[in-house]
Amino acid sequence: MTDGFGKGHHLHLIDGSAFIFRAYHALPPLTRRSDGLPMGAVAGFCNMVWKYLQDGKGSDQPTHAAVIFDHSARTFRNDIYPLYKANRPEPPEDLRPQFPLTREATRAFNIACIETAGFEADDIIASLACQARDAGGRVTIISSDKDLMQLVGGGVEMMDPIKAKPIGPEEVREKFGVGPERVVDVQALAGDSIDNVPGAPGIGIKTAAQLIQEYGDLETLLARAAEIRQPKRRQTLIDHAEQIRISKRLVELDCRMALDFSLESLEIREPDPETLLEFLTRMELRTLSKRVAERFGTEAPTLAEVAAPAASAEPVAPVAELPAIDRGLYVTIRDEATLAEWLAEISGQGVVAIDTETTGLDEMRAELVGVSLCTGPGRAAYLPLGHVDGAADLFGSGARAAGQMDLDRALAMLKPVLEDPSVLKIGQNIKYDWKVLARYGIRMAPLDDTMLLSYALNAGAHNHGMDELADLYLGHRCLPIKELIGSGKAQISFAQVAIDKASEYAAEDAEVTWRLWHHLRPKLAPNRVATAYERLERPMIGVLADMEMAGIRIDSEHLKRMSNAFAQKMAGLEAEIHELAGGPFNVGSPKQLGEILFQRMGLAGGKQGKTGAFSTGAEVLEDLAAEGHALPARVLDWRAISKLKSTYTDALPLHLNPETGRVHTSYSIAGAQTGRLASTDPNLQNIPVRTDEGRRIREAFVAGPGMRLVSLDYSQIELRILAHVAQIPALKQAFHDGIDIHAMTASQMFGVPVEGMDPMIRRRAKAINFGVIYGISGFGLARNLRIPRAEAQSFIDTYFERFPEIRAYMDRTVAGAKQDGFVRTLFGRRIMTPGINQSGPAAGGARRAAINAPIQGAAADIIRRAMIRMPEAVAHLPARMLLQVHDELVFEVEESAVPELVEAARGVMQGAADPAVRLDVPLIVDAGHGLNWAEAH
DNA sequence: AACTTCACG
DNA sequence: GACGTACGTGAAGTTC
């Protein structure tokens with residue numbers, strides 16, 4: 001068990017109980033402001049531990065440490081002597097609730113926290129001390145407890161925590177009159193009234209020491225008791241010999257305890273700032289939180305962020321102990337009285353899981369059909385509001401179904417509870433429900449989201465949809481929505497589902513959500529993702545909901561004109577292509593095209609994939625075109641136009657919302673593995689920009705009357721993050737000096753001056769810079785630059801030689817991922833790396849993903865932080881944030897306020913890393929504005 | 001529903 | 001020495 005611990009190591013064993021009692025008695029009876037929980041001992045304890053961690057910067061620095069606590073009052077000593085410690089008073093009433101918190105505090109400080117049932121802290125300390133000493137290490141026991149003094153010597157010493165004074169053999173001799181090895185003999189004779197160790201009546205420390213000095217040890221003394229000259233003393237020792245032997249067994253510490261952990265595992269680790277701050281904030285220890293935050297150069301979370309109502313107040317039973325989900329228990333709310341009862345229960349609990357049912361998936365258009373609520377296991381209800389009769393025939397009667405509350409009345413009753421700041425609303429992807437309800441005049445707050453909890457905990461490990469989470473965490477299969485509304489052409493609206501059936505489905509969703517929350521919420525802090533959730537995930541709900549609901553104006557006419565022009569061009573190209581191919585075929589079919597190119601025309605370079613089809617991707621066609629073949633060149637032209645037409649000019653107008661006249665995308669917060677957002681329905685993050693023709697589509701994204709679009713984007717943010725995390729001096733310097741980063745790289749690599757550089761050389765350096773972010777490979781670079789693989793590899797070798805820190809960063813990151821199963825961004829976001837320990841080709845992909853994730857993820861974190869701060873920063877301006885495209889934010893602002901907006905938004909974006917992370921490189925934001933997105937970009 | 005292709009950062 | 005590769009997305013169209 002002593003693996004990895006030995007010579008040169010120094011173990012500190014801290015007597016936790018001593019710290020607690022000392023703290024308790026030294027401080028006035030402080031209480032937690034929010035709920036009056038006594039906090040004096042916890043406060044004192046935390047201050048002492050913090051001080052302990054900050055002090056001791058000498059050569060005496062421990063390498064390993066643990067805090068040891070007593071587990072329970074009853075120990076094996078009570079079997080030896082039932083009255084042992086029977087005199088000891090119960091700990092004060094206001095101290096008892098603080099015991100578990102001090103354990104939590106210890107863990108929050110990232111110090112090993114040890115307690116074992118049936119053993120006193122002293123025995124654990126003794127066992128650890130002996131084992132560490134036997135392994136050849138040094139031990140210091142942080143305590144002034146005399147019962148521990150028997151352990152001193154042979155590499156073990158004590159330290160008085162208050163006086164900061166070492167206690168060695170000399171000090172022990174001073175106290176007991178004998179050396180450490182005979183301390184138990186003296187204690188056995190003298191007894192201890194506090195611990196109720198009987199000893200020998202009438203004999204104290206002084207006499208005991210004198211006797212032991214004279215006879216050598218206790219057994220000799222007892223054997224030769226008859227020789228004692230003083231009659232009374234002689235008689236006492238003879239009469240109480242057995243009692244003295246029992247006393248010795250009581251005071252003698254057991255150093256042979258089997259430990260279920262290794263000494264090595266006690267190695268000192270730096271506290272994790274976010275876990276520690278989460279704890280200190282929850283304890284409401286403001287001064288210490290501030291001090292700790294300063295020390296780590298970060299910020300303490302707010303109380304609201306760490307303590308969701310009822311989440312911490314009520315200890316929750318493990319999910320395994322909950323009864324299975326039973327759809328038979330659900331209630332259908334059909335009248336005011338029942339709804340009032342449920343709302344009262346929700347208000348009383350301070351927390352509710354909620355789910356809305358609607359007529360469709362587009363939350364900007366869907367109508368509310370019903371609301372389900374859950375307050376605990378088996379306590380779920382469905383409130384039908386918009387069901388219609390008749391799923392029986394295809395059309396139904398369309399009449400409102402019977403047995404439903406009036407919609408307006410129900411909303412009026414729900415509103416105060418759903419907007420009550422003291423009632424937490426939990427949802428699965430609650431942004432959806434928030435937007436639906438917002439359209440009915442209800443702005444829910446505060447919020448928790450099980451999808452985001454899962455994402456904060458396990459991004460990269462799996463997806464975060466409800467069915468998947470229910471299966472994964474609750475072992476429960478949800479009723480498939482298809483069983484209610486069907487699929488394909490025959491699909492009906494949820495409004496047409498019979499209310500009974502709908503109740504089962506909807507209430508189950510609410511209950512699953514409640515259970516997921518119950519299961520996932522407590523996992524945040526132990527997994528050290530509480531801050532990531534609170535600062536990077538949860539605040540996005542409201543920010544994105546506002547952006548999505550604002551939408552962006554589209555010039556449909558412009559798109560329509562482009563579509564027409566594209567159609568004409570495509571028709572011409574199609575005719576040409578058919579001519580070249582020697583007959584008509586579907587140009588949009590890669591399969592048919594492949595057969596024509598590589599079989600009918602017999603061109604070389606045909607490669608079949610795993611499905612047996614020829615690859616006809618742009619790369620292949622470009623190569624063929626470069627060889628002078630006309631057909632592939634025409635097909636490339638056709639495809640470019642086809643893409644623009646079908647995906648953009650034709651599709652975008654279909655997304656216009658008839659009520660707002662704008663296009664409303666939806667951002668998924670938990671879609672990408674790295675923390676990036678993803679935009680869907682429509683995707684506004686892949687609007688063309690790279691070609692002139694494509695860029696014209698951006699002209700259709702326009703500002704409202706009297707308004708302008710403003711676009712601000714981070715310059716080279718990922719390379720800047722790389723420079724910081726990998727600590728590359730040349731890169732950092734270049735960003736400080738504001739010079740062309742790719743030219744600098746080329747100059748360093750190929751030894752050419754930046755002035756008058758060949759654009760080809762710069763292009764190569766640029767490709768390598770990007771390659772590094774992606775987890776570079778010779779093959780990938782070769783393909784990108786279209787150069788021989790050997791040449792690409794030699795570039796990479798040169799690059800690593802010139803910037804060795806990058807290789808070190810990559811190795812470090814992969815090693816960390818292999819060990820932990822995840823990587824983290826600068827801001828604490830965790831990205832799981834399943835497959836990193838696989839072997840074979842699959843491992844390569846996992847490696848590259850692990851290298852890329854902290855960089856792409858940190859960039860995502862930074863723009864999220866900017867977005868979260870943005871509403872307040874631009875509140876005084878006639879401006880709205882509309883879009884996010886990974887490193888770009890698009891605003892709509894009144895023309896006159898453009899300069900102020902640019903200044904305010906740029907300030908927020910450039911400072912977005914602060915104060916959580918002090919980047920070694922500046923963040924630079926470029927800005928533009930105009931009547932449309934093409935002009936603004 | 002899977003596959004291919006291609007738009008973006 | 002070969003494996004198969006640049007990282008992260010979403011949508012449209014074809015094919016099965």
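Protein chains get the first letters and strands the later ones, always in sequence-line order, with residue 1 at the start of each. Since the model is a prediction, treat every value here as computed from it, not as a measurement.
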Any A:Ser642 side-chain nitrogen or oxygen under 4.0 Å from OP1 or OP2 of C:dA12: no
Any A:Ser589 side-chain nitrogen or oxygen under 4.0 Å from OP1 or OP2 of C:dG13: no
Sugar-phosphate, base or nothing in reach of A:Ala651, heavy atoms under 4.0 Å: sugar-phosphate
N/O (side chain, A:Asn683) to phosphate O (OP1/OP2, C:dT9) under 4.0 Å: no
Atom-pair distance (CZ on A:Arg864; P on B:dG9), nearest Å: 19 Å
Any A:Arg639 side-chain nitrogen or oxygen under 4.0 Å from OP1 or OP2 of B:dC6: yes
Any A:Phe735 side-chain heavy atom under 4.5 Å of A:Leu719 side chain: yes
Spacing between A:Ile851 atom CD1 and C:dG8 atom C1', to the nearest angstrom: 15 Å
Sugar-phosphate only, base, or nothing, as touched by A:Gln673 at under 4.0 Å among non-hydrogen atoms: sugar-phosphate
P spacing across the pair C:dA6 / B:dT4, given as an integer number of angstrom: 13 Å
Atom pair distance, as rounded to whole Å: CZ in A:Arg847 and C1' in C:dC3: 15 Å
Sugar-phosphate, base or nothing in reach of A:Gly588, heavy atoms under 4.0 Å: sugar-phosphate
SB check A:Lys431 A:Glu548 (cutoff 4.0 Å): yes
Sugar-phosphate, base or nothing in reach of A:Asp713, heavy atoms under 4.0 Å: nothing
Sugar-phosphate only, base, or nothing, as touched by A:Phe770 at under 4.0 Å among non-hydrogen atoms: nothing
Distance, rounded to the nearest Å, where A:Ile721 contributes CD1 and C:dC7 contributes P: 19 Å
Stems involving DNA chain C, each a run of at least 3 consecutive Watson-Crick or G-U pairs under 3.5 Å: B:1-9 with C:7-15
Under 3.5 Å donor-acceptor, A:Arg698 side chain and A:Pro688 backbone: yes
Atom-pair distance (CG on A:Asn686; C1' on B:dC8), nearest Å: 5 Å
Residue whose nearest DNA chain C nucleotide is more 5′ - A:Gln592 or A:Tyr774: A:Tyr774
Interatomic distance, A:Ile717 CD1 vs B:dG9 C1' [rounded to whole Å]: 11 Å
Rounded distance in Å - CZ (A:Arg695) to P (B:dG9): 10 Å
Out of C:dG13, C:dG10, B:dG9, whichever nucleotide has its closest atom nearest the side chain of A:Ser646: C:dG13
Sugar-phosphate, base or nothing in reach of A:Ala618, heavy atoms under 4.0 Å: sugar-phosphate
Flag for A:Glu888-A:His937: side-chain donor and acceptor within less than 3.5 Å: yes
Options C:dT5, C:dA12, C:dG10, nucleotide nearest the side-chain atoms of A:Thr647: C:dA12
Phosphate OP1/OP2 of C:dT5 contacted by A:Arg848 side-chain N/O (<4.0 Å): no
Interatomic distance where CD1 belongs to A:Ile836 and P belongs to C:dT5 [whole Å]: 18 Å
A:Gln592 side-chain N/O to A:Asn586 backbone N/O, donor-acceptor pair under 3.5 Å: yes
Distance, P atom - from B:dC3 to C:dT5, rounded to whole angstrom: 14 Å
A:Thr680, nearest nucleotide to its side chain (from C:dG10, B:dT5, C:dT5): C:dG10
Rounded distance in Å between the C1' positions of B:dT5 and C:dC3: 25 Å
Any A:Lys591 side-chain N or O less than 4.0 Å from OP1/OP2 of C:dC16: yes
Side-chain N,O (A:Arg676) to OP1/OP2 (B:dC8) below 4.0 Å: no
Nearest to side-chain heavy atoms of A:Arg783, which nucleotide of C:dA6, B:dG9, B:dC6: C:dA6
Closest to the A:Ser777 side chain, choosing from C:dT5, B:dC8, B:dT4: C:dT5
Sugar-phosphate, base or nothing in reach of A:Ile776, heavy atoms under 4.0 Å: base
Heavy atoms from other residues, nucleotides or ligands near NZ of A:Lys732 exceed 12 (cutoff 6.0 Å): yes
Shortest side-chain distance from A:Arg789, nucleotide among C:dT5, B:dC6, C:dG10: C:dT5
Charged N-O contact under 4.0 Å between A:Arg864 and A:Asp861: no
Sugar-phosphate only, base, or nothing, as touched by A:Asp887 at under 4.0 Å among non-hydrogen atoms: sugar-phosphate
More than 12 heavy atoms of other groups within 6.0 Å of A:Arg639 CZ: yes
Sugar-phosphate, base or nothing in reach of A:Gly617, heavy atoms under 4.0 Å: sugar-phosphate
Main-chain N/O of A:Phe585 paired to A:His578 side chain as donor or acceptor, under 3.5 Å: yes
Test item: side-chain donor near acceptor, A:Gln793 and A:Asp797, under 3.5 Å: yes
Touch class at under 4.0 angstrom, heavy-atom based, for A:Ala782 against every strand present: nothing
